[in-house]
Amino acid sequence: MRTAYRVCPFCEATCGLAIDIEGERILAVRGDQKDVFSRGFICPKAHAVKELHHDPDRIRRPLRRTASGWEEVSWDAAFAEIAERLTAIRAAHGNDAVGVAAGNPIVVHDLAFLYLPVLAQALGSRNIFNPASVDTLPKDLQTGLMFGSSLPVLSVGIADIDRTDHLLIIGANPVISHGSLMTMPNAPGRLNAVRKRGGKVIVIDPRRTETAKLASEHHFIRPGTDGAFLLAMIATLFDEGLVRLGAAAGLVNGLDEVRAIAHRFAPETVAAYCGIDAPTIRRIAREFASARSAACYGRLGTCVQPFGTLASWGVDLLNILSGNLDRPGGVMFPSPAAPYRALGANAPFEFARWRSRVSGRPELGGMLPVSTMVEEIMTPGAGQIRAMILLMTNVVRSAANSNGLEQAFRQLDFVVAVDCYLNETTRHAHLILPTPTAAETSHYDFGPYHLAVRNIARYSPAPLTASADTLCAWEVIARISAPLFGMGLAPASAVDDVVFGQIAAGAVQADQAWPGLTVDEVTRKLTGVQGPERIIDLLIRLGPHGDGFGRNPAGYTLDSIKAEPHGIDLGPLEPRLREVINTASGRIELVPQVMVDDLARLQAHMASPSQETVLIGRRVLRASNSFMHNLPITTKGPDACTLQIAPQDAARIGVSDGDKVLVRSRVGEVVALAEVTPDLMAGVVSLPHGYGHAAPGTQLSVANARPGVNINALTDDQVYDEASGCAVFFGVPVAIAAAP
Ligand SMILES: Nc1nc2c(c(=O)[nH]1)N[C@H]1C(S)=C(S)[C@@H](COP(=O)(O)OP(=O)(O)OC[C@H]3O[C@@H](n4cnc5c(=O)[nH]c(N)nc54)[C@H](O)[C@@H]3O)O[C@H]1N2
Ligand SMILES: Nc1nc2c(c(=O)[nH]1)N[C@H]1C(S)=C(S)[C@@H](COP(=O)(O)OP(=O)(O)OC[C@H]3O[C@@H](n4cnc5c(=O)[nH]c(N)nc54)[C@H](O)[C@@H]3O)O[C@H]1N2
Ligand code: SF4
Ligand SMILES: [Mo]
């Protein structure tokens with residue numbers, strides 16, 4: 001028996017795992033006590049490393065759909081067919097006819113994530129969707145407009161949870177999710193520590209969540225009203241002379257405009273709309289502003305809702321105007337060892353370079369909102385999507401309007417899915433290409449370390465050797481891309497060399513830290529490693545902690561990081577605001593025009609708020625989105641897929657615990673079992689997502705035995721945040737009734 005150490009790939013928290021292995025069999029997964037960041041903490045999902053790897057339903061060989069069922073094919077045959085079909089579709093219908101959708105695992109198997117731009121470039125299509133275009137667009141848009149970062153998702157301000165005196169959590173449930181756009185292993189421990197050292201944690205959420213139960217206070221808020229609530233807090237800061245800019249002094253534009261806008265959202269004006277009384281809003285604002293240090297953190301509840309961009313804006317305004325930006329205990333910017341900025345430090349933020357063909361929703365970072373997918377597949381005309389490349393996504397269950405997506409996917413001419421299950425989405429594919437599990441792959445958390453509450457570097461070697469004839473996700477992406485680049489059926493390494501050449505040229509050109517660097521020197525010194533590790537090595541050596549290719553011998557290289565199997569702690573976050581601001585003005589733009597334009601919509605909604613019941617989501621501890629439902633860990637305990645409903649609402653429609661409730665929206669209906677609980681705000685119901693299994697033609701023996709109901713049969717691709725186009729998962733109007 002031996003123990004391998006690897007970072008957990010199942011969420012952004014990056015916990016270190018100790019994996020006990022005998023031969024090729026994983027016996028157990030434990031927390032790595034020596035991990036410099038997680039120090040032994042894990043959640044139940046960590047065990048999925050073992051269960052996913054040994055799941056008999058998992059696909060291990062490329063599969064091709066035939067009239068009589070699925071057959072195994074060789075990799076070469078699969079890539080030849082993909083090349084032929086995609087080039088033919090592109091030749092006949094243009095570049096936009098082939099779309100790409102990448103799912104959540106690509107973020108945490110993020111070395112493949114580095115190759116998504118390669119595929120997008122090879123295709124030249126406008127129809128590219130990635131996980132950020134599902135769950136982060138409002139935050140991306142707001143951060144990009146205010147700070148000017150070219151890849152805004154990787155330059156979001158991070159709440160300095162380990163040092164803060166006051167944490168305001170609005171629309172996030174890190175005790176279950178373990179944090180998103182905030183990498184922090186052991187979220188429960190870190191939250192408890194704030195209170196233990198005398199600080200305060202306040203949670204604003206329409207559900208009394210597991211996080212709310214650890215907090216000092218919790219307040220229900222009407223879904224979708226956070227933008228108004230946060231502006232009312234800001235109005236209070238102005239009214240009571242509490243505005244301080246701190247590190248942002250002299251670095252902001254638009255302070256007078258914010259004051260004028262906030263004035264229209266006084267606590268007394270928004271209280272009834274938000275469901276939080278005016279004195280409470282004023283008190284929360286005052287306490288936030290007068291704490292020694294404070295940080296406001298918002299996540300999905302401030303993104304995937306009808307006013308996500310304004311809500312995300314409110315979070316940042318509050319942090320900036322209370323003097324908490326870029327100070328310890330406030331909101332700070334990590335300094336990762338492998339910074340994306342080394343790829344092109346001064347590229348400006350770009351937005352709406354194109355709009356979706358059917359309803360004109362904006363591009364951001366080269367992607368369109370997933371909310372446009374159904375109409376872009378279904379609406380005939382030039383630019384219609386006719387083929388999809390799916391990279392680890394169960395989009396037919398995870399995006400809004402599943403029924404529309406089912407119909408859309410059925411009519412596509414060609415679908416190739418890089419995936420390890422035959423599930424609700426991949427059953428629509430013509431080819432399924434599996435990739436090795438986390439147990440067989442090495443890892444470096446490129447994305448999460450840009451979002452971490454400490455500066456950390458950790459490399460994990462593959463615990464098991466991948467069986468012969470498997471291809472890593474990046475190799476699969478490179479081989480799909482080759483013919484689209486005009487490189488025929490070239491091996492992945494050939495595509496990689498071209499890609500690396502481009503990246504190295506861009507990075508050397510952008511570099512300002514290391515004098516005399518040339519592409520030739522960089523390429524020569526990195527010889528020997530291929531694929532994403534070579535890119536990571538380049539970024540590390542060019543980065544702020546790097547060796548500058550020998551110019552700073554004490555600095556890091558990928559090899560020196562590899563030498564520390566439990567990671568390297570580069571210390572707490574440090575002030576670096578000036579490096580982060582990348583706007584044309586060189587200042588933080590407090591009031592981008594996009595916000596001004598969207599405020600009218602918020603005010604109209606405030607003037608006539610709907611009286612309908614609204615549906616929100618809920619995450620469950622033992623599963624990540626949809627793909628873990630086939631693993632034994634998710635079957636422990638009571639059924640998680642219930643419709644939570646407040647006692648008042650249950651009484652009104654005449655249902656009790658365990659009764660069936662019919663939930664209907666514009667696009668669909670489901671019958672779910674009621675879980676009556678005072679933890680939900682009246683007028684709001686909640687279902688978890690990722691369920692709705694047992695579809696014909698799937699190979700998910702565990703998930704199909706406990707299918708649950710599909711929330712995204714109710715969510716609506718035509719209900720979205722207008723500024724960003726982000727689909728609304730939280731705040732969908734529904735009708736509820738006792739099921740007959
Ligand atoms: N109503 C509602 N809907 C939501 C949400 C919500 O809160 N409410 N949340 C949204 C969010 S935030 C997100 S990010 C999306 C997530 O939605 P998706 O990105 O679609 O994530 P999953 O549903 O888990 O699907 C992951 C896919 O990757 C495959 N996969 C998993 N691991 C591996 C692997 O190791 N190798 C390979 N080759 N394939 C693998 C799985 O088989 C599965 O097909 O869902 C969104 N949908
Ligand atoms: N166990 C587990 N962990 C996960 C995942 C999982 O599926 N399971 N998914 C991963 C993914 S893909 C992501 S993106 C992250 C997400 O991480 P989080 O954002 O922390 O996850 P959620 O549980 O969706 O938290 C959103 C909260 O917003 C609340 N909310 C809903 N509507 C509103 C609103 O209008 N206003 C306010 N203020 N709150 C609202 C919800 O009740 C919920 O508590 O989690 C990741 N981690
Ligand atoms: S919190 Fe996230 S990273 Fe940590 S063990 Fe759980 S799933 Fe893995
Ligand atoms: Mo997500």
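All values below were derived from every heavy atom in this structure, side-chain atoms included, with hydrogens, water molecules and symmetry-related copies excluded. In listed order, ligands and their atoms are each counted from 1. In this chain, residues are counted from 1 in sequence order.
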Check: Val702 main-chain N/O paired with Asn630 side-chain donor or acceptor under 3.5 Å: yes
Does the plane of the ring in His428 sit parallel, tilted or perpendicular to the ring in Phe409? Use 30° and 60° as the thresholds. tilted
closest protein heavy atom to atom 23 (O) of ligand 1 is Ser626 OG, 2.5 Å
Closest candidate by heavy atom, reference atom 38 (N) of ligand 1, pool Asn625, Thr435, Thr715, Leu422: Thr435
For Thr14, counting its heavy atoms only, list the atoms of ligand 3 lying under 4.0 Å from any of them. 3 (S)
Any salt bridge linking Asp32 with Arg6? Criterion: basic side-chain nitrogen under 4.0 Å from a carboxylate oxygen. no
Any chance the side chains of Asp55 and Tyr421 put a donor and an acceptor closer than 3.5 Å? yes
Taking atom types as modelled, find out whether Asp57 and Ser701 have a side-chain donor-acceptor pair closer than 3.5 angstrom. yes
Atom 6 (Fe) of ligand 3 and Cys43: any N/O/S contact shorter than 2.8 Å? yes
Contact between Pro105 and ligand 1, counting heavy atoms under 4.0 Å? yes
Applying a 4.0 Å heavy-atom criterion (strictly less than), which segment of Val304 is in contact with ligand 1: side chain, backbone, both, or neither? neither
Pairing of Arg207 and Glu210 as salt bridge, 4.0 angstrom limit: yes
Is the side chain of Trp75 donor-acceptor paired with the backbone N or O of Asp469 at a distance under 3.5 Å, no angle test? yes
Can you tell which of Cys472, Cys420, Ala623 gets a heavy atom nearest to atom 33 (C) of ligand 1? Cys420
Show which atoms of ligand 1 fall inside a sub-4.0 Å distance from at least one heavy-atom site of Phe627. 24 (O), 31 (C), 32 (N), 41 (C), 43 (C)
Any donor-acceptor N or O pair under 3.5 Å, side chains Thr211, Asn173: yes
Nearest-contact summary for atom 25 (O) of ligand 1 - protein heavy atom, Å: Asn394 N, 3.4 Å
At under 4.0 Å between heavy atoms, what of Met392 touches ligand 1? The answer is both
With atoms numbered from 1 as shown, which atoms in ligand 1 lie under 4.0 angstrom from a non-hydrogen atom of Leu300? 7 (O), 12 (S)
With atoms numbered from 1 as shown, which atoms in ligand 1 lie under 4.0 angstrom from a non-hydrogen atom of Phe730? 7 (O)
Given the side-chain rings of His443 and Tyr459, with only the six-membered ring counted for Trp, is the space between their centroids under 6.0 Å? no
Just need the protein heavy atom nearest to atom 1 (N) of ligand 1, so name the residue and atom and give the distance. Asn712 OD1, 2.8 Å
Checking a contact table here: which protein heavy atom is nearest atom 47 (N) of ligand 1, and how many Å away? Ser398 O, 2.6 Å
Any atoms of ligand 3 less than 4.0 Å from a non-hydrogen atom of Lys45? List them with their elements. 7 (S)
Taking 4.0 angstrom as the limit and counting only heavy atoms of Ile711, give me the atoms of ligand 1 inside it, by number and element. 1 (N)
Note: ligand 1 atoms sitting under 4.0 Å from heavy atoms of Thr393 are 18 (P), 19 (O), 20 (O), 27 (C), 28 (O), 44 (O)
A student checking ligand 1 against Asp135 at a 4.0 Å heavy-atom cut-off should list atoms 12 (S), 14 (S)
Could you list the atoms of ligand 1 found under 4.0 angstrom from a heavy atom of Gly103? 19 (O)
Around atom 19 (O) of ligand 1, find the nearest protein heavy atom and jot down its residue, atom name and distance. Asn104 N, 2.6 Å
With a cutoff of 4.0 Å, is Arg618 in contact with ligand 1, counting heavy atoms of the residue only? no
What protein heavy atom is closest to atom 42 (O) of ligand 1, reported as residue, atom name and distance in Å? Asp419 OD1, 2.4 Å
Ala46: numbered ligand 3 atoms lying under 4.0 Å from its heavy atoms: 5 (S)
closest protein heavy atom to atom 4 (Fe) of ligand 3 is Cys15 SG, 2.3 Å
Do the ring centers of Tyr691 and His629 come within less than 6.0 Å of each other? yes
Tell me the protein heavy atom at minimum distance from atom 2 (Fe) of ligand 3, and give that distance in Å. Cys11 SG, 2.3 Å
Using a 4.0 Å cutoff against the non-hydrogen atoms of Cys8, which atoms of ligand 3 qualify? 3 (S), 5 (S), 7 (S), 8 (Fe)
So, is Thr426 polar-close to ligand 1, with some N/O to N/O distance under 3.5 Å? no
Using a strict cut-off of 4.0 Å, indicate which atoms of ligand 1 neighbour a heavy atom of Val134. 10 (C), 46 (C)
Considering non-hydrogen atoms only, spot the tightest contact between Leu114 and Pro532 and give its length. CD1-CB, 4.1 Å
Electrostatic pair Arg397:Glu406 at N-O distance under 4.0 angstrom: yes
For atom 35 (O) of ligand 1, the closest protein heavy atom turns out to be His109 CE1, 3.1 Å
Does Thr425 have a non-hydrogen atom less than 4.0 Å from ligand 1? no
Answer yes or no: is there an ion pair linking Arg458 with Asp35, defined by an N-O contact shorter than 4.0 Å? yes
Using 4.0 Å as the upper bound for N to carboxylate O, is an ion pair formed by Arg190 and Asp162? yes
Is Asp639 salt-bridged to Arg706, cutoff N-O under 4.0 Å? no
Ring centres under 6.0 Å, that's the criterion: do Phe37 and His566 meet it? no
Can you tell me if Arg58 uses its side chain to pair, donor with acceptor, with the backbone of Leu52 under 3.5 Å? yes
Looking only at protein heavy atoms, identify the closest one to atom 1 (S) of ligand 3 and say how far it is in Å. His178 CG, 3.4 Å
Check whether any side-chain N or O of Thr642 sits under 3.5 Å from a backbone N or O of Gln644 as a donor-acceptor pair, and report yes or no. no
Name the closest protein heavy atom to atom 11 (C) of ligand 1, giving the residue it belongs to and the distance to 0.1 Å. Arg619 NH2, 3.6 Å
contact_flag Gly617 ligand 1 heavy-atom lt 4.0 Å: no
So for atom CZ, which belongs to Arg664, do other residues, nucleotides or ligands contribute more than 12 heavy atoms lying within a distance under 6.0 Å? no
